[in-house]
Amino acid sequence: MLSTVAMRTYHLHEANQALPQVRRLAGQIVELSGQLDELTDQVRIAEYRMRRPAAGADERDRFEESTAALRGAEEDLVAALAGLEALGVQLKDPRIGLVDFLSYREGELIELCWQLGEDRVAHWHRIGEGYPGRKPV
């Protein structure tokens, strides 16, 4: 299903006002993104053990538990991503919580840039420049 969220632009003070919610969502995304590889490995190991000829109910239970944990993490990640999308905030790197807020600077469409761990939105870059092009506001 394609999203129909309209493009939203932010003034600097609006981006900073949205930051508590963005910080919470970005933190969830970073945490969950970091868990997915480990949870996927746990499912694969549990499936392997469950399919062995000598496997019993314990192995099936472990497989079902690990599958449910992975599915729950995936659903939570999708919800956090949807929360950012609803705010009109663009996720740039889920592993470090890097996001951009579309904005205007002297009539040019730019991106205000924020990363999890920073106190406030204090950087910007031109569209396409990305993180290496960050400049102080």
Side-chain angles (χ1 to χ4, degrees):
M1 182 166 96
L2 294 176
S3 172
T4 57
V5 175
M7 182 178 83
R8 166 137 169 37
T9 58
Y10 283 83
H11 292 282
L12 180 60
H13 74 277
E14 293 171 326
N16 280 310
Q17 286 176 344
L19 210 48
Q21 189 172 3
V22 171
R23 183 178 285 118
R24 180 181 58 78
L25 292 167
Q28 289 174 345
I29 290 167
V30 167
E31 180 180 340
L32 291 164
S33 295
Q35 292 176 2
L36 288 182
D37 289 342
E38 176 66 26
L39 290 171
T40 300
D41 286 346
Q42 289 175 11
V43 168
R44 288 181 182 145
I45 291 166
E47 181 179 23
Y48 170 77
R49 289 179 177 161
M50 176 189 72
R51 294 190 184 280
R52 291 186 306 187
D58 287 346
E59 285 79 16
R60 174 164 290 290
D61 290 345
R62 280 192 208 103
F63 173 72
E64 289 173 2
E65 289 169 6
S66 61
T67 301
L70 176 60
R71 188 174 299 121
E74 289 171 338
E75 290 170 359
D76 291 347
L77 180 58
V78 167
L81 292 167
L84 281 184
E85 185 177 342
L87 293 170
V89 176
Q90 302 172 355
L91 178 66
K92 298 297 180 160
D93 190 332
R95 299 287 176 166
I96 62 171
L98 183 65
V99 300
D100 285 340
F101 301 79
L102 288 176
S103 187
Y104 284 95
R105 181 178 174 91
E106 299 173 2
E108 178 185 7
L109 186 64
I110 56 111
E111 294 171 317
L112 297 171
C113 185
W114 177 82
Q115 181 177 335
L116 190 63
E118 294 177 343
D119 293 333
R120 60 189 171 83
V121 178
H123 297 89
W124 71 279
H125 56 78
R126 289 187 168 82
I127 304 291
E129 285 183 339
Y131 190 86
R134 280 173 41 129
K135 303 162 196 65
V137 289

Got a list of side-chain donor-acceptor pairs under 3.5 Å for residues 123-133, not counting sequence neighbours?
residue : atom : partner : partner atom : Å
His123  : ND1  : Arg134  : NH2          : 2.9
Trp124  : NE1  : Pro136  : O            : 3.4
His125  : ND1  : Glu111  : OE1          : 3.4
His125  : NE2  : Asp100  : OD1          : 3.4
His125  : NE2  : Asp100  : OD2          : 3.2
Arg126  : NE   : Glu108  : OE1          : 3.4
Arg126  : NE   : Glu108  : OE2          : 3.2
Glu129  : OE1  : Arg126  : N            : 3.0
Glu129  : OE1  : Lys135  : NZ           : 2.8
Tyr131  : OH   : Gln115  : OE1          : 3.4

Donor-acceptor contacts, no H, no angles, side chain residues 34-44, under 3.5 Å, sequence neighbours left out:
residue : atom : partner : partner atom : Å
Gln35   : NE2  : Glu31   : OE2          : 3.3
Glu38   : OE2  : Gln42   : NE2          : 3.2
Thr40   : OG1  : Leu36   : O            : 2.8

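Scanning for side chain to side chain contact (heavy atoms under 4.5 Å, CB included) contacts around Asp76 gives Leu32, with sequence neighbours left out. Applying the side chain to side chain contact (heavy atoms under 4.5 Å, CB included) rule to Ser33 yields the partners Ile29, Leu77, Pro94, Arg95; only residues at least two apart in sequence or on another chain are considered. Taking Glu75 as the reference, nothing meets the side chain to side chain donor-acceptor pair (under 3.5 Å) condition, with sequence neighbours excluded.
Listed by first and then second residue, the ring-ring contact (aromatic ring centres under 6.0 Å, His included) pairs that reach into residues 47-100 come to none, sequence neighbours excluded. For residues 11-23, every residue pair satisfying the salt bridge (charged side-chain N to carboxylate O under 4.0 Å, His left out) rule, not counting sequence neighbours, is listed here: Arg8-Glu14. Applying the ring-ring contact (aromatic ring centres under 6.0 Å, His included) test to every pair with at least one member in residues 66-90, sequence neighbours left out, gives no pairs at all. Under the ring-ring contact (aromatic ring centres under 6.0 Å, His included) criterion, the residue pairs touching residues 87-118 are Tyr10-Phe101, with sequence neighbours excluded. The stretch residues 50-72 participates, sequence neighbours left out, in these side-chain hydrogen bond (donor to acceptor under 3.5 Å, both in side chains) pairs: Glu47-Arg51.
Atom OG1 of Thr9 sits about 8.0 Å away from atom CG of Leu109, to the nearest 0.5 Å. From Leu19, atom CG reaches atom NE2 of His13 across 14.0 Å, with rounding to the nearest 0.5 Å. The structure places CG of Leu102 at 6.0 Å from CE of Met7, a figure rounded to the nearest 0.5 Å. For the atom pair Glu118 CD and Leu98 CG, the distance stands at 8.0 Å (nearest 0.5 Å).
A 6.0 Å sphere centred on CZ of Arg120 holds no more than 12 heavy atoms belonging to other residues, nucleotides or ligands.
Counting heavy atoms from C-beta outward, Val22 and Leu84 have side chains that approach closer than 4.5 Å.
Counting all heavy atoms, side chain and backbone alike, Ala15 lies closest to Val121 at CB-CG2, 4.0 Å. Annotation for Val89 and Val99: closest pair CG1-CB, 3.7 Å, computed over non-hydrogen atoms.
Side-chain contacts under 4.5 Å among hydrophobic residues (ILVMFWY), followed directly or transitively, place Ile45 with no other residue at all.
Hydrophobic clustering, with ILVMFWY side chains joined whenever heavy atoms are under 4.5 angstrom apart, groups Leu91 together with Leu87.
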